[in-house]
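The structure appears right after this line, and notes come after that.
None of these values were measured; they are calculated from a predicted model.
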Amino acid sequence: MDQEVMVRFLVSAHALVMGLIPSGPEPERSLGRLRGRFEDEDEELEEDEELEEEEEEEEEEMSHFSLRLEGCRPESEDEEERLINLSELTPYILCSICKGYLIDATTITECLHTFCKSCIVRHFYYSNRCPKCNIVVHQTQPLYNIRLDRQLQDIVYKLVIDLEEREKKQMHDFYKERGLEVPKPAVPQPVPSSKGRSKKALESVFRIPPELDMSLLLEFIGANEGTGHFKPLEKKFVRVSGEATIGHVEKFLRRKMDLDPACQVDIICGDHLLERYQTLREIRRAIGDAAMQDGLLVLHYGLVVSPLKIT
């Protein structure tokens, strides 16, 4: 028996050393560890199940949302378009001068107001200000600061039915009645980038004739009683040749203001009463900078009763 007990003790000791049988209170600890592991695994499984349920709920909500969106979509693209009355766009495609639809739409580069080309050219013959905002477009040559707006004109032709055809017919009839050749429509050329354009090329677009080398500012200083009725000068900025004389300026004033032949025109530069034979270049050279204002030769003119009329 003792030998059998000894054998059992050696077997149990060997098993204890090899870790097969826990000694003392270790079985409870090992069971606790196993129990904790199972509990952790259960919690992880529960969390995974909850995440899966949340993902399924989100997928269901998204599917319902997409269905609602699909239900709100129009059946065709035509339903997305909103019809606009032409009266809503009329204020933007009318010329404020002639009150008609824009023809050859032309925009002032200084203020970006647009008019018919013929209307604004005719207006600038009498004034250098924008007819809409009254800004000074250019001191002497406002026509240099206007540009054709082809995009806007295309829009007008597309909005107003048959407008382009009517304008072409009127132009054709105009030239045909007068026995003139109908001009061919201008084909727009591609505009090169401004980086590659030289200064000379830009200046050649709008070049002032070399013979018109003198810019005048004509200022009215008043009229005496008895000079008769006259029209105010609407265009006080004039560009002429330096060889023009005061006599030419006087004739210009008489024609534009429709003056009575008995009315005398006195023209003054600075403190000097000018003579009819004096040229503008001579006056500029004799008086100097005192006669100039912003590059313009300033001439003041007044209307007086002719001595012939008094006698």
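The same ILVMFWY cluster, assembled from side-chain heavy atoms under 4.5 Å apart, contains both Ile287 and Leu297. Grouping the Ile, Leu, Val, Met, Phe, Trp and Tyr side chains by contacts below 4.5 angstrom, directly or via other members, places Ile155 with Tyr101. Grouping the Ile, Leu, Val, Met, Phe, Trp and Tyr side chains by contacts below 4.5 angstrom, directly or via other members, places Met257 apart from Val304. Residues Ile268 and Leu296 fall into different hydrophobic clusters, defined by Ile, Leu, Val, Met, Phe, Trp and Tyr side chains chained together at heavy-atom separations under 4.5 Å. Leu217 is not connected to Leu303 by any chain of hydrophobic side-chain contacts under 4.5 Å among Ile, Leu, Val, Met, Phe, Trp and Tyr, and they are in different clusters.
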task: Would you check, one step at a time, whether the test salt bridge (charged side-chain N to carboxylate O under 4.0 Å, His left out) holds for Glu250 with Arg254?
output: CA-CA 6 Å; Glu250 180 183 347; Arg254 287 187 177 278; 3.2 Å; yes
message: side-chain contact (heavy atoms from CB on, under 4.5 Å) for Tyr92 and Leu152? Distances and angles first, verdict last.
response: CA-CA 10 Å; Tyr92 306 101; Leu152 178 57; over 6 Å; no
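Arg281 places a side-chain heavy atom less than 4.5 Å from the side chain of Glu243. Two residues are said to be in side-chain contact when any heavy atoms from C-beta on lie closer than 4.5 Å; Tyr144 and Thr109 fail this criterion. In this structure, the side chains of Ile246 and Leu280 come closer than 4.5 Å at one or more pairs of heavy atoms. Side-chain contact between Val240 and Phe252 is absent, with no heavy-atom pair separated by less than 4.5 Å. Residues Leu102 and Asp149 fail the side-chain proximity criterion, which asks for heavy atoms closer than 4.5 Å. Taking the side chain as every heavy atom from C-beta outward, Thr106 and Cys119 never approach each other to under 4.5 Å.
No hydrogens or angles considered: a donor-acceptor pair under 3.5 Å links the side chains of Ser215 and Arg239.
Taking CD of Gln153 as the reference point, atom SG of Cys116 lies at 8.0 Å (rounded to 0.5 Å). For the atom pair NE2 of His172 and CD of Glu177, the computed distance is 11.0 Å after rounding to the nearest 0.5 Å. To the nearest 0.5 angstrom, Asn145 atom CG is 4.5 Å from Glu110 atom CD. A distance of 4.5 Å separates CG in Asn128 from CZ in Phe237, rounded to the nearest 0.5 Å. Remark: Glu282 CD to Leu274 CG distance equals 11.0 Å, nearest 0.5 Å.
In plain terms, the two heavy atoms of Arg129 and Asn134 that are nearest each other are NH1-O, 2.7 Å. Contact detail for Pro142 and Ser127: the closest heavy-atom pair is CG-O, 4.1 Å. Taking all atoms of both residues into account, the shortest heavy-atom contact from Leu233 to Lys236 is CD2-CA, 4.2 Å.
Between Lys158 and Asp154 there is no salt bridge, since none of the side-chain N atoms of the basic residue sits less than 4.0 Å from a carboxylate O of the acidic one. Of the charged side-chain nitrogens involved, at least one lies within less than 4.0 Å of a carboxylate oxygen, so that Lys168 and Glu164 count as a salt-bridged pair.
For the pairing with Glu167, the side chain to side chain contact (heavy atoms under 4.5 Å, CB included) check across Asp162, Ile103, Asp104 returns one residue only, Ile103.
Using the six-membered ring where Trp is involved, Phe220 and Tyr301 have ring planes that are tilted, between 30° and 60° apart.
His300 places no side-chain N or O within donor-acceptor distance of the main-chain N or O of Asp266, the cut-off being under 3.5 Å.
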